[in-house]
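See below for the structure under consideration.
Atoms considered below: every heavy atom in the structure, side chains included; atoms not considered: hydrogens, waters and symmetry mates.
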Amino acid sequence: MSHILTSWKEIATYLGKGVRTAQRWEHSVGLPVRRPNGGDSTIVLAYVEEIDDWLKKPAGTASFTDAGDKDAEIARLRLANQQLTIEIARLSKRCAQLEEIGAKAMVPQPVSAAPGSPLRSYRTPQS
């Protein structure tokens, strides 16, 4: 019978890493973790044999336990792409606003003081 790890702490301990590293590995390099309720459920489990097989694979070869995992990853990436597109549009608009403000800003311009004086005075474009 296969040994089952039933929490992030157990999974991380088995890998000899921290919990956050194990979670990151699930998302970034395909650590085989299952979520019985599907989606982003807080309940996780992993089979030791699957983790051992995953560790033996060459780096960079992410695996998905089934088509549902692959579909969930595609959906997650599409959502992230949409959010980034919205953020880029917001930042582009803000940059344009700041450029407009900068173009209208009053910048002090140096004016020579009395001849022979080492001091300089400043005036704004209106003075």
| When you look at CD of Q97, are more than 12 heavy atoms from neighbouring residues, nucleotides or ligands closer to it than 6.0 Å? |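 More than 12 within 6.0 Å, yes.
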Nearest-0.5 Å distance that lies between atom [atom1] in [X] and atom [atom2] in [Y]:
X   : Y   : atom1 : atom2 : result
E49 : H3  : CD    : NE2   : 9.0 Å
T21 : W8  : OG1   : CH2   : 11.0 Å
S28 : Q23 : OG    : CD    : 11.5 Å
I51 : L5  : CD1   : CG    : 5.0 Å
L84 : L91 : CG    : CG    : 10.5 Å
K57 : D52 : NZ    : CG    : 12.5 Å

| said: side-chain contact (heavy atoms from CB on, under 4.5 Å) for Q82 and R78? Distances and angles first, verdict last. | reply: CA-CA 6 Å; Q82 287 174 339; R78 283 186 178 147; 5.7 Å; no
| Heavy-atom pair of closest approach, residues W54 and V29 |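 In terms of heavy atoms, the two residues are closest at NE1-O, 3.2 Å.
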| Closest heavy-atom contact between L31 and A22? |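 Reported closest heavy-atom pair: CD2-O, 3.5 Å.
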| With a 3.5 Å cut-off and no angle check, do the side chains of D53 and Y47 form a donor-acceptor pair? |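 Note: D53 and Y47 side chains miss the donor-acceptor criterion.
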| Worked verdict on L77 versus E73 for side-chain contact (heavy atoms from CB on, under 4.5 Å) | CA-CA 6 Å; L77 291 171; E73 180 67 5; 4.0 Å; yes
| field | Residues E26, R35; criterion salt bridge (charged side-chain N to carboxylate O under 4.0 Å, His left out); working and verdict | value | CA-CA 11 Å; E26 178 198 15; R35 297 174 184 278; 2.7 Å; yes
| field | Contact check, side chains of W25 and V33, non-hydrogen atoms, under 4.5 Å | value |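 A side-chain contact under 4.5 Å is absent here.
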| said: A side-chain contact here means heavy atoms from C-beta on lying under 4.5 Å apart; do T6 and I43 qualify? | reply: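 A side-chain contact is absent here, since even the closest heavy-atom pair is not under 4.5 Å.
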